[in-house]
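We use all heavy atoms of the structure for the numbers below, so side chains are in, but hydrogens, waters and symmetry mates are not. It should be emphasised that the depicted structure is a prediction, and the values quoted were computed from it without experimental measurement.
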Amino acid sequence: MGLVSALGIIQTTSDHHSNEETAQLVNIAARCAKAVYPGESQPDIPRHSIRQTFKLEPSSFDSLTKVSALYVAERVSVDDGRLTTIVVSIRGSKSIVDWMVNANNHAADVKDFINMETLNMLTGQNDTGALLVHRGFLASARELAPKIRPHLESALRSNPGNVNVIFTGHSAGGAVASLLYAHFFSNTFTLYSFLDAAHISLSIITFGAPPIFSRDILPIFSSIPPGLVGKGELWSIVNEGDPVPRADDAYIRVLLRLIQKTDAAGAPAPTNRFLGFAQRGSSKPRQQLPPLSLHALGTLIVLRDANADAADPEAEEELRAEVLRPQELGTLLFANFFAHKMNSYLEGVGRVARGEVNGKSGWLHSQLSRVEMEQLERWI
């Protein structure tokens with residue numbers, strides 16, 4: 001069926017949140033994913049008070065310990081009281097070239113890091129298949145988990161109300177965040193009993209994250225019944241044109257050959273191409289792409305300009321947020337390296353947070369009421 005319209009990014013798996021509040025969770029995650037990069041300041045999120053409670057600097061002798069930080073964002077709501085979001089943010093690679101160089105890495109089994117027995121218990125399945133991931137990303141997640149644990153536990157004990165814990169990151173940071181999410185979620189009953197509470201929801205929201213899992217494990221998490229443990233949002237946000245969310249080894253080889261050919265011919269490489277969508281029904285030959293061999297964790301949501309291929313070059317940008325199914329992703333040729341930049345993700349997510357997406361011009365009733373303003377002023 002291909003791409004479908006998604007206020008899916010703006011719909012939540014929990015009836016507790018409105019569409020707007022779900023979009024705000026994505027915005028919070030994006031701001032915190034950006035804040036861990038060098039030279040960045042504290043995240044600035046409208047209607048929220050946010051503070052950093054922990055930061056881990058990289059190790060000097062290896063690259064396993066990625067820069068990580070923990071943020072606590074709070075907002076006062078008349079209907080729901082104080083809303084608390086705890087964000088575990090992992091920094092991505094310094095450049096897309098760094099990631100592509102590191103992409104050719106042997107796979108490793110995650111059976112002693114992600115507890116498949118717990119996931120089988122929660123879903124009623126008997127999934128015994130091997131789950132392999134990028135060895136380098138797994139080593140980084142192993143290094144970070146025990147260092148993050150005490151600070152996450154402390155933040156949760158300091159905030160006993162309803163809390164959404166978001167694991168997030170951009171690029172390689174999103175890959176490591178995905179492993180940490182799966183690790184903490186699947187070990188709530190064995191290692192992390194402080195997470196096993198009705199008021200805690202665990203979410204994974206990544207931006208331009210590379211695929212790292214040898215098979216699609218989203219159906220496993222999606223089939224966990226609500227109420228057993230705090231399953232929150234599972235989103236993998238993708239900018240149209242960003243090659244990293246598609247970039248397994250075989251795809252990278254095709255992409256590099258294509259870039260070499262276009263450079264030699266003096267022609268630009270393709271940028272925003274939705275092969276199989278924008279050109280559906282076209283008789284133009286398509287670039288043969290290798291099948292998907294790796295998967296990200298989370299429902300793929302692509303942010304794209306619906307007017308990018310309009311005949312009128314002056315056509316105003318029309319932002320769309322659409323569900324992108326894995327089989328559709330396998331037909332796409334993305335080679336716009338600028339689309340991978342975190343600033344590009346922030347621009348699109350900021351518009352989603354304001355409700356300027358999928359034909360909307362803004363959220364209804366999105367302004368603070370007088371009562372909310374008074375409560376917020378007293379609280380801050």
S.K.: Looking at Glu233, is its backbone amide N or carbonyl O close enough to the side chain of Ser203 to form a donor-acceptor pair, meaning the two atoms are under 3.5 Å apart?
M.R.: yes
S.K.: Calculate, to the nearest 0.5 Å, the distance between atoms CZ and CG belonging to Arg246 and Leu294 respectively.
M.R.: 9.5 Å
S.K.: Measure across Ala172 and Pro210 and return the closest heavy-atom pair with its distance rounded to 0.1 Å.
M.R.: N-CD, 4.1 Å
S.K.: Does atom CD of Glu153 have more than 12 heavy-atom neighbours from other groups under 6.0 Å away?
M.R.: yes
S.K.: Are Leu303 and Val352 packed together at the side-chain level, in the sense that at least one heavy-atom pair is separated by less than 4.5 angstrom?
M.R.: yes
S.K.: Hydrophobic clustering (ILVMFWY, side-chain heavy atoms < 4.5 Å, transitive) - are Leu132 and Leu218 grouped together?
M.R.: no
S.K.: Can you tell if the side chain of Thr118 reaches within under 4.5 Å of the side chain of Asn120, non-hydrogen atoms only?
M.R.: no
S.K.: Answer yes if the side chains of Asp196 and Ser193 hold a donor-acceptor pair under 3.5 Å, and no otherwise.
M.R.: no
S.K.: So, do Asp249 and Arg253 sit near enough that their side-chain heavy atoms are less than 4.5 Å apart?
M.R.: yes
S.K.: Taking the side chain as every heavy atom from C-beta outward, state whether Val110 and Leu138 have any atom pair closer than 4.5 Å.
M.R.: yes
S.K.: Check whether Tyr345 reaches the backbone of Asn239 with its side chain - one donor and one acceptor, N or O, closer than 3.5 Å.
M.R.: yes
S.K.: CD/Glu347 to OG/Ser344 distance, rounded to the nearest 0.5 angstrom?
M.R.: 6.5 Å
S.K.: With a 4.5 Å cut-off on side-chain heavy atoms, are Ile217 and Leu297 touching?
M.R.: yes
S.K.: Would you please test Ile204 and Thr206 for side chain to side chain contact (heavy atoms under 4.5 Å, CB included) and show each step?
M.R.: CA-CA 7 Å; Ile204 174 69; Thr206 61; 3.6 Å; yes
S.K.: Does CD in Glu117 sit with more than 12 non-hydrogen atoms of other residues, nucleotides or ligands closer than 6.0 Å?
M.R.: no
S.K.: So does Ala107 get a backbone contact from the side chain of Arg135, meaning a donor-acceptor N/O pair under 3.5 Å?
M.R.: yes
S.K.: Looking only at atom types and distance, does a side-chain atom of Thr168 sit under 3.5 Å from a main-chain N or O of Ile205, one as donor and one as acceptor?
M.R.: yes
S.K.: At their closest point, which heavy atom of Val36 faces which heavy atom of Ala69, and how far apart are they?
M.R.: CG1-CB, 3.8 Å
S.K.: Strictly distance-based, threshold 3.5 Å: is any side-chain N or O of Arg149 a donor or acceptor partner for the main-chain N or O of Leu191?
M.R.: yes
S.K.: State, to 0.1 Å, how close Ala335 and Leu255 come at their nearest heavy-atom pair, and which atoms those are.
M.R.: CB-CD1, 3.5 Å
S.K.: Report the C-alpha separation of Ile166 and Tyr71 in whole Å, then their side-chain angles, then the decisive distance to 0.1 Å, and conclude whether the side chain to side chain contact (heavy atoms under 4.5 Å, CB included) test is met.
M.R.: CA-CA 10 Å; Ile166 301 176; Tyr71 300 94; over 6 Å; no
S.K.: For the pair Glu57 and Lys147, find out whether any cationic side-chain nitrogen is under 4.0 Å from an anionic carboxylate oxygen.
M.R.: no
S.K.: Do Ile301 and Thr299 have side-chain heavy atoms sitting under 4.5 Å apart?
M.R.: yes
S.K.: Roughly how far apart are Leu179 CG and Leu144 CG, rounded to 0.5 Å?
M.R.: 10.5 Å
S.K.: Taking it one step at a time, do Ile90 and Ile148 satisfy side chain to side chain contact (heavy atoms under 4.5 Å, CB included)?
M.R.: CA-CA 11 Å; Ile90 314 297; Ile148 290 172; 4.2 Å; yes
S.K.: Is there a donor-acceptor pair under 3.5 Å between the side chain of His340 and the backbone N or O of Phe338?
M.R.: no
S.K.: Strictly below 4.0 Å, N to O, side chains only: are Glu74 and Arg51 in salt-bridge contact?
M.R.: yes
S.K.: Charged N to carboxylate O below 4.0 Å: is that the case for Asp127 and Arg215?
M.R.: yes
S.K.: Do Leu195 and Leu202 come within less than 4.5 Å of each other through their side chains, counting heavy atoms only?
M.R.: yes
S.K.: Would you confirm whether Arg351, through its side chain, and Leu346, through its main-chain N or O, come within 3.5 Å as a donor-acceptor pair?
M.R.: no
S.K.: Is it true that Arg142 and Asp112 have a side-chain N and a carboxylate O under 4.0 angstrom from each other?
M.R.: yes
S.K.: Looking at CD1 of Ile45 and CZ of Arg75, how far apart are the two atoms once the value is rounded to the nearest 0.5 Å?
M.R.: 11.5 Å
S.K.: Find the distance between OG1 (Thr190) and CG (Asn187) and round it off to the nearest 0.5 Å.
M.R.: 4.0 Å
S.K.: How far apart are the closest heavy atoms of Asp305 and Glu318, and which atoms are they?
M.R.: OD1-N, 2.8 Å
S.K.: Considering all heavy atoms of both residues, which atom of Pro225 and which atom of Leu122 are nearest to each other, and what is their separation?
M.R.: CD-O, 3.2 Å
S.K.: Do Thr85 and Asn164 pair up side chain to side chain, a donor and an acceptor below 3.5 Å, judged on atom types alone?
M.R.: no
S.K.: Without swapping roles, check the side chain of Lys231 against the backbone of Phe221 for a donor-acceptor pair under 3.5 Å.
M.R.: yes
S.K.: Could you tell me which non-hydrogen atom of Asp248 sits nearest to which non-hydrogen atom of Pro291, and how far apart they are?
M.R.: OD2-O, 4.0 Å
S.K.: Do the ring planes of His183 and Phe113 sit parallel (below 30°), tilted (30 to 60°) or perpendicular (above 60°)?
M.R.: parallel
S.K.: Under the ring-ring contact (aromatic ring centres under 6.0 Å, His included) test against Phe167, which residue among Phe184, Phe185, Trp235 passes?
M.R.: Phe184
S.K.: Any donor-acceptor pair under 3.5 Å linking the side chain of Ser236 with the backbone of Leu300?
M.R.: no
S.K.: Would you mind checking if Glu356 and Lys360 are paired as a salt bridge, meaning a charged N to carboxylate O distance below 4.0 Å?
M.R.: no
S.K.: When rounded to the nearest 0.5 angstrom, what distance separates NE2 in His48 from OG1 in Thr84?
M.R.: 9.5 Å
S.K.: Any non-hydrogen side-chain atom of Gln52 less than 4.5 Å from a side-chain atom of Leu70?
M.R.: no
S.K.: For Asn343 and Lys34, run side chain to side chain contact (heavy atoms under 4.5 Å, CB included): C-alpha distance rounded to whole Å, both residues' side-chain angles, the deciding distance at 0.1 Å, then the answer.
M.R.: CA-CA 8 Å; Asn343 282 339; Lys34 172 70 171 175; 2.8 Å; yes
S.K.: Give a yes or no answer on whether the side chain of Ser89 reaches the backbone of Cys32 with a donor-acceptor pair at less than 3.5 Å.
M.R.: yes
